[in-house]
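To keep things clear, I will list the structure first and then write my remarks on it.
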There are 2 protein chains.
Amino acid sequence: MKVSQAVEWGLHCAILLAQVPGDSPLRREVLARHYDLPEAYLSKTLQAMTRAGVLQATPGPRGGYRLAGPAERLTALEVVEAVEGTAEPFTCQEIRQRGLAAATPEECKRPCTVNSLMFQAHQAWRETLRTVTIADLVSRVPHSIRARNRRLLAG
Amino acid sequence: MKVSQAVEWGLHCAILLAQVPGDSPLRREVLARHYDLPEAYLSKTLQAMTRAGVLQATPGPRGGYRLAGPAERLTALEVVEAVEGTAEPFTCQEIRQRGLAAATPEECKRPCTVNSLMFQAHQAWRETLRTVTIADLVSRVPHSIRARNRRLLAG
DNA sequence: GTACCGGTACTCGGATATAGTATGTCCGAGTATGCGTGG
DNA sequence: CCACGCATACTCGGACATACTATATCCGAGTACCGGTAC
């Protein structure tokens, strides 16, 4: 089990976009330079976030990315799932229905206990991310860094 | 993010081993046939569980695998981490220290907020798995299946 | 002076290579057993 | 009859291929702007 590094990028970008004064968009190149990320690949992540409705992309001159909604209403979970997708990390192969001890369809009306447990664990994970918004994360960034960002994003 | 299918195999095998009457070990081939799994690959999973101390392996005739301890003391988390490893699924790249807005070492004494959040989410996931033992999972298996297993494992 | 039109430069979006990891398979190392042999 | 030693068959363990996904990159599609031109 491994979380894509693109998740880190996506969250940091969302946090940064939430600090942009006014409503001016940020170009992809600016985001990439800000954290020294490969711009071409970052493109893929921002794309996914846009498709998921987390970001709003504007093409053409004076274009770029901005948050699709207020940071107070955008949860970390939405960002993470925008990047990683919403597929369950554990997919039950229903091996209980195979082999010598194959369970009958009758016995499988209730979901597999292993499947239930893993699902429950994933729900706990999601719940943790759902209770935190991007605005919360911004407020946890040290003031000195926020000040520096304000200066960089203004110019 | 994706959980290896080997986790499903490992948990099911642990649950099955907990149902073995007496203390006789189960051969790899028996486990594989029970769920119609590729024996050669299942080997890798059982190996990992043995290395982690979840299973005890006995070579030679009349050998096989058995649980290293009582099912009541073996948590699902231990099994999962035995198979998947204990590495954090989210590894912070510390991108806040790079690029134009690079944070100073002084500002990085506290861990990155993104890192903290993802860590916290993972802890919630682990906690869910830690509160459930293999014995619990056995008790959730339908009686008809348990009876069938008892019969199969006796012969 | 104003409105329209076309060219241009800039932005994102998706199709295309590469690398690393999960998946799948094989053969060799080690051990308890069972038989044969000697006392 | 009993004890010892050896060959054997059986078990797991780790080294070796393959397939898929995450990573990384490029070039093309679309859009707003800006200048020129006609009215």
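Below, chain A is the first sequence line, B the second, and so on; all start at residue 1.
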All pairs passing side chain to side chain donor-acceptor pair (under 3.5 Å) where residues 52-70 of chain B contributes a residue, at least two apart: B:Asp23-B:Arg66

Using whole Å, what does the distance between atom C1' of nucleotide C:dT11 and atom CD of A:Glu29 come to? 12 Å

Does A:Arg140 reach the main-chain N or O of B:Thr113 with its side chain, forming a donor-acceptor pair under 3.5 Å? no

Look at A:Arg51 and C:dG14 and indicate whether a side-chain polar atom (N or O) is within less than 4.0 Å of OP1 or OP2. yes

Tested for side chain to side chain contact (heavy atoms under 4.5 Å, CB included) against B:Leu152, the lone hit among B:Arg33, B:Gln19, B:His34 is B:His34

Please check the phosphate of C:dC12 (OP1 and OP2 only) for any side-chain N or O of A:Gln47 closer than 4.0 Å. no

Would you name the heavy atoms of A:Arg148 and B:Ala102 that are closest together and state the gap between them? NH1-O, 3.0 Å

Produce the list of close N/O pairs, under 3.5 Å, pairing protein atoms with atoms of nucleotides 19-25 of chain D; give distances to one decimal.
residue: D:dT23; atom: OP2; partner: A:Ser4; partner atom: OG; Å: 2.6
residue: D:dT23; atom: OP2; partner: A:Tyr41; partner atom: OH; Å: 3.4
residue: D:dA24; atom: OP2; partner: A:Gln5; partner atom: NE2; Å: 2.8

Can you check the B:Arg27 CZ to C:dT33 P distance for me, whole Å? 15 Å

Whole-Å distance between C:dC10 P and A:Tyr65 OH? 17 Å

Take the protein atom CE of A:Met49 and the nucleotide atom P of C:dG14, then report the distance between them rounded to whole Å. 16 Å

Please test A:Leu11 against A:Ile134 for side chain to side chain contact (heavy atoms under 4.5 Å, CB included), starting from the C-alpha separation and ending with a verdict. CA-CA 8 Å; A:Leu11 282 171; A:Ile134 296 301; 4.3 Å; yes

If you define the side chain from C-beta out and look only at heavy atoms, does anything of B:Tyr41 sit under 4.5 Å from B:Lys44? yes

Contact nearer the 5' end of DNA chain D, comparing B:Leu46 with A:Pro59: B:Leu46

Report which part of the nucleic acid B:Arg62 touches: base, sugar-phosphate, or nothing (heavy-atom distance under 4.0 Å, all strands). nothing

Nucleotide C:dT11, atom P - distance to CG of A:Leu55 in whole Å: 17 Å

B:Gln56 CD - D:dC12 C1' separation (whole Å): 13 Å

